[in-house]
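Chain A is the first sequence line, chain B the second, and so forth, proteins listed ahead of strands; every chain is numbered from 1.
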Protein chains: 2
Amino acid sequence: MSRAKEFDEAEVLDQAIELFRVRGFQATSFADLTSELGVSRQSLYDTYGDKQTLFHAALERYRQRFLDFLHRLMETPGPIRPLLDQLFQGAVSGSCSSGNPGCLMVNSMVEMAPQDDAIRALSLAHARDMERIFTTRLIIAQRNGDLSPTKDPVALARYLHHTLLGLSVAARALGERETLIQTAQLALLALD
Amino acid sequence: MSRAKEFDEAEVLDQAIELFRVRGFQATSFADLTSELGVSRQSLYDTYGDKQTLFHAALERYRQRFLDFLHRLMETPGPIRPLLDQLFQGAVSGSCSSGNPGCLMVNSMVEMAPQDDAIRALSLAHARDMERIFTTRLIIAQRNGDLSPTKDPVALARYLHHTLLGLSVAARALGERETLIQTAQLALLALD
DNA sequence: GTTTATATAGAACAATCGTTCCAAAACGGG
DNA sequence: CCCGTTTTGGAACGATTGTTCTATATAAAC
């Protein structure tokens, strides 16, 4: 077996995620990656391939992690409203020092979707995934008498997704956490 | 006076706006600008300064044009709801061939705000401007019995702005115009 | 200790970037 | 015609980019 790997592939990928979240794909140079990740160029190339491949791996990991989180959150029994409150609250609250860098998926959609076929396809797939998770939970809410049966679950699910896009952009560029929480409350009026 | 300018500064700026809208600031090279704008390098530098200065001029022009449009739209008398319908409809409808590139202000917020102090400041100023225009019109709507007096106009104004951010991102990355119109309708339920 | 795989660092690459300098051509007003 | 300005294109710049090659050191397994 010879020598063992000295860094945790997943852990380094997580650091790459944070870098790409803050600066975006283009503005993050390979030199930035090697210095901030503490791994040399050659090891990065050997382990993850080139910059674009590394980015796709980071984005896919981020996306999977987020979908898992959302799926688990939406499996929580009881009324749906506090779940969405928690979700939106998390979206507007910073996870980094010096502000909330926003969602990597959202940032990548804006930066790359019109020019990069793979990212555009991933954006659409991600939208479908989120809509599916929301729709499932909204139907359950309707069965529980928690949501009016006159509402269209699919349309509401898409609406929730699109609302999250706006919150992510606002959190990244504007900050103003309290204001965004107020917006989140107003957005959830669509459920009443 | 010697030789006259052969191109219209404002017109070329409009073309620059379209380029930056589609590709963003970083991904638009100076070579792209010279070829698509039909103006040589030296003329561009002489007229607008370097790439960053040109971008700021384009963004400022775009922003001013948009604020003028919004201001004029919100001065329309009568119920507020059809005005917002029209605004949101315009936001999700493409203005370019091959899809809607989204709002240049929104795209720039995502791409540059965390790293560029000037853009971040402009984003905040733009948010204040939009909130002010919306707030004024919402108060008028309340006076006309068009909007419940229990609503907070300022919070609603911010909400409308944040909703537009989401619509712009979704239109740029996902397309799906009909879906977005449905989302816009749901978003405006917050006024009821 | 030999083998095998990994880690690191230096060098070099071709390409692209934004930018500047320069010279020649084109145009309008005196 | 001449002057002043603008336009254009070629050339070159220094810097940065992503990427590859190479060599050397390091650690674990046999």
Novice: Expressed in angstrom and rounded to an integer, what is the separation of B/Arg23 atom CZ from C/dC17 atom P?
Specialist: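 Rounded to whole Å, this separation is 11 Å.
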Novice: Between C/dT6 atom P and A/Asp8 atom CG, what is the distance in whole Å?
Specialist: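 Rounded to the whole Å, the gap is 15 Å.
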Novice: Looking at DNA chain C, which of residues 33-42 of chain A put a heavy atom within less than 4.0 Å of it?
Specialist: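 Under 4.0 Å from DNA chain C: A/Ser40, A/Arg41, A/Gln42.
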Novice: To the nearest Å, give me how far apart CG (B/Asp46) and C1' (C/dT19) are.
Specialist: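 My rounded result for the distance is 12 Å.
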Novice: Between C/dC17, D/dT19, C/dT19, spot the one nearest the side chain of B/Ser29, thanks.
Specialist: C/dC17
Novice: Taking only residues two or more places apart in sequence or in another chain, which ones pass salt bridge (Lys or Arg N to Asp or Glu O under 4.0 Å) with B/Asp152?
Specialist: none
Novice: Between B/Phe25 (CZ) and C/dC17 (P), how many Å, whole number?
Specialist: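 Rounded to whole Å, this separation is 13 Å.
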Novice: Which residues pass the ring pair (Phe, Tyr, Trp, His ring centres under 6.0 Å) test with A/Phe66, sequence neighbours left out?
Specialist: none
Novice: Quick one: B/Asp32 CG to C/dT16 P, roughly how many Å, whole number?
Specialist: 12 Å
Novice: My understanding is that only residues two or more places apart in sequence, or in another chain, count here; which of them pass side chain to side chain contact (heavy atoms under 4.5 Å, CB included) with B/Glu60?
Specialist: B/Arg63, B/Gln64, B/Leu122
Novice: B/Thr53 near the nucleic acid: base, sugar-phosphate alone, or nothing, with a heavy-atom cut-off under 4.0 Å?
Specialist: nothing
Novice: Has B/Lys51 got its NZ or CZ under 6.0 Å from the middle of the six-membered ring of B/Phe25, at an angle within 45 degrees of the ring axis?
Specialist: yes
Novice: Rounding to a whole Å, what distance do you find between B/Gln26:CD and C/dT16:C1'?
Specialist: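 Answer to the nearest Å: 14 Å.
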Novice: With sequence neighbours excluded, what pairs up with B/Thr28 under the side chain to side chain contact (heavy atoms under 4.5 Å, CB included) test?
Specialist: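 Once residues adjacent in sequence are excluded, the partners of B/Thr28 under the side chain to side chain contact (heavy atoms under 4.5 Å, CB included) criterion are B/Leu19, B/Phe20, B/Arg23, B/Asp32, B/Leu33.
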Novice: Whether the B/Glu111 and B/Gln26 side chains hold a donor-acceptor pair (N or O, under 3.5 Å, no angle test) is what I'd like checked.
Specialist: yes
Novice: When the distance from CD of B/Gln52 to C1' of C/dT19 is rounded to whole Å, what number comes out?
Specialist: 14 Å
Novice: If the condition is ring pair (Phe, Tyr, Trp, His ring centres under 6.0 Å), which residues does B/Phe69 pass it with, not counting sequence neighbours?
Specialist: none
Novice: For B/Asp50 and C/dC21, what is the distance between atoms CG and P respectively, to the nearest whole Å?
Specialist: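 In whole Å, C/dC21 P lies 14 Å from B/Asp50 CG.
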Novice: Measure from the side chain of B/Ser43, starting at C-beta and using heavy atoms only, and say which of C/dC17, C/dT20, D/dT7 lies closest.
Specialist: D/dT7
